[in-house]
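Residues: numbered from 1 along the sequence shown.
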Amino acid sequence: MMEKILRDEIKKIREKFLICGPYMLTLGDEMRQRILLILAEAGTDGMDVADITAKTHLSRPAISHHLKILKDTGMITSHKKGTQVYYFIYIQNVLDKLKDLLMSVQNLVSGIDMESIKEKAPWMVNVE
């Protein structure tokens, strides 16, 4: 009975990893991290590509590429004002999914008995 519950939980976590994989890849890029922070700092005013480019060392096409990836993964949104497109951080939904994944993994491993690990695999005890 416990094995089935564990298998079901692992299956759910696997599905959460599949959902969150693109978010983790997107967030793994330092420039996209920087762009997210720039947009967070801009708040509700948002920024256009020229403003974001001015705060980085990348070209406009490179910034546009990163903005597309961030937008495709739902981390930012955009709004057109006249001829300008302004970008805004819009990451809460993504953060909720990542938190849910991390909590699920934490709950799964919280049942691991550290005393058993010390006995069966003492080399693992001080691993960071």
Side-chain angles (χ1 to χ4, degrees):
M1 181 68 163
M2 286 300 287
E3 284 184 30
K4 181 180 177 358
I5 293 170
L6 183 60
R7 277 195 312 265
D8 290 346
E9 189 60 30
I10 289 173
K11 183 180 177 186
K12 289 177 189 173
I13 293 172
R14 211 176 275 128
E15 290 168 3
K16 291 176 185 184
F17 268 117
L18 287 173
I19 291 167
C20 291
Y23 306 142
M24 292 185 278
L25 285 173
T26 297
L27 291 171
D29 183 271
E30 287 182 41
M31 185 50 62
R32 289 192 284 272
Q33 294 167 11
R34 187 164 177 204
I35 291 169
L36 282 172
L37 294 173
I38 288 168
L39 292 175
E41 188 178 348
T44 58
D45 293 333
M47 295 184 91
D48 65 9
V49 174
D51 293 335
I52 297 167
T53 301
K55 291 188 168 271
T56 68
H57 65 278
L58 294 182
S59 66
R60 287 177 68 116
I63 293 295
S64 293
H65 169 74
H66 287 296
L67 289 170
K68 181 183 180 337
I69 293 169
L70 289 164
K71 191 171 181 183
D72 288 349
T73 54
M75 295 183 189
I76 65 171
T77 189
S78 63
H79 179 73
K80 193 169 185 173
K81 294 179 187 175
T83 59
Q84 296 295 105
V85 177
Y86 286 83
Y87 294 90
F88 305 84
I89 193 164
Y90 188 75
I91 198 168
Q92 192 59 52
N93 186 43
V94 170
L95 294 176
D96 291 342
K97 289 177 184 176
L98 289 168
K99 283 185 219 175
D100 181 50
L101 168 64
L102 294 174
M103 289 301 297
S104 296
V105 172
Q106 184 177 23
N107 289 338
L108 178 68
V109 300
S110 67
I112 296 174
D113 179 24
M114 291 307 293
E115 291 304 314
S116 292
I117 289 178
K118 285 179 186 175
E119 291 173 18
K120 295 178 182 177
W123 51 270
M124 286 180 58
V125 174
N126 293 322
V127 175
E128 293 294 321

Residues in side chain to side chain contact (heavy atoms under 4.5 Å, CB included) contact with A62, at least two apart in sequence or another chain: L58, S59
Residues which pass side-chain hydrogen bond (donor to acceptor under 3.5 Å, both in side chains) with K12, listed by chain and number, not counting sequence neighbours: none
L98 with M103, same ILVMFWY side-chain cluster at under 4.5 Å: no
With I13 via side chain to side chain contact (heavy atoms under 4.5 Å, CB included) - residues at least two apart: E9, F17, L101, S104, V105, L108
Ignoring hydrogens and angles, write down the donor-acceptor pairs under 3.5 Å from the side chains of residues 77-93, residues two or more places apart or on other chains.
from	atom 1	to	atom 2	distance (Å)
S78	OG	K71	NZ	2.5
Q84	NE2	D48	OD2	2.5
Q92	NE2	D96	OD1	2.9

Listed partners of K55 passing side-chain hydrogen bond (donor to acceptor under 3.5 Å, both in side chains), at least two apart: none
By side-chain hydrogen bond (donor to acceptor under 3.5 Å, both in side chains) - contacts of N107 (at least two apart): none
R60 vs H65, side chain to side chain contact (heavy atoms under 4.5 Å, CB included): CA-CA, chis, key distance, verdict: CA-CA 9 Å; R60 287 177 68 116; H65 169 74; over 6 Å; no
Sequence neighbours excluded - salt bridge (Lys or Arg N to Asp or Glu O under 4.0 Å) pairs with any residue from residues 14-26: K16-D100
Linked, directly or transitively: L39 and V49 (ILVMFWY side chains, under 4.5 Å): yes
Those residues that, when tested against D8, pass side-chain hydrogen bond (donor to acceptor under 3.5 Å, both in side chains) (two or more places apart): K4
Cluster companions of L102 among Ile, Leu, Val, Met, Phe, Trp, Tyr (side-chain spacing under 4.5 Å): none
Under 3.5 Å, which donor-acceptor pairs link side chains of residues 24-31 to any protein atom two or more places apart or in another chain?
from	atom 1	to	atom 2	distance (Å)
T26	OG1	P22	O	2.8
D29	OD1	M31	N	2.9
D29	OD1	R32	N	3.0

Rounded distance (nearest 0.5 Å) linking atom CD1 of I35 with atom CG of L70: 6.0 Å
Joint cluster assignment, L67 & L37, ILVMFWY side-chain distance < 4.5 Å: no
Close side-chain approach of V94 and T73, heavy atoms under 4.5 Å: no
Between CG on residue L36 and NE2 on residue H66, distance to nearest 0.5 Å: 11.5 Å
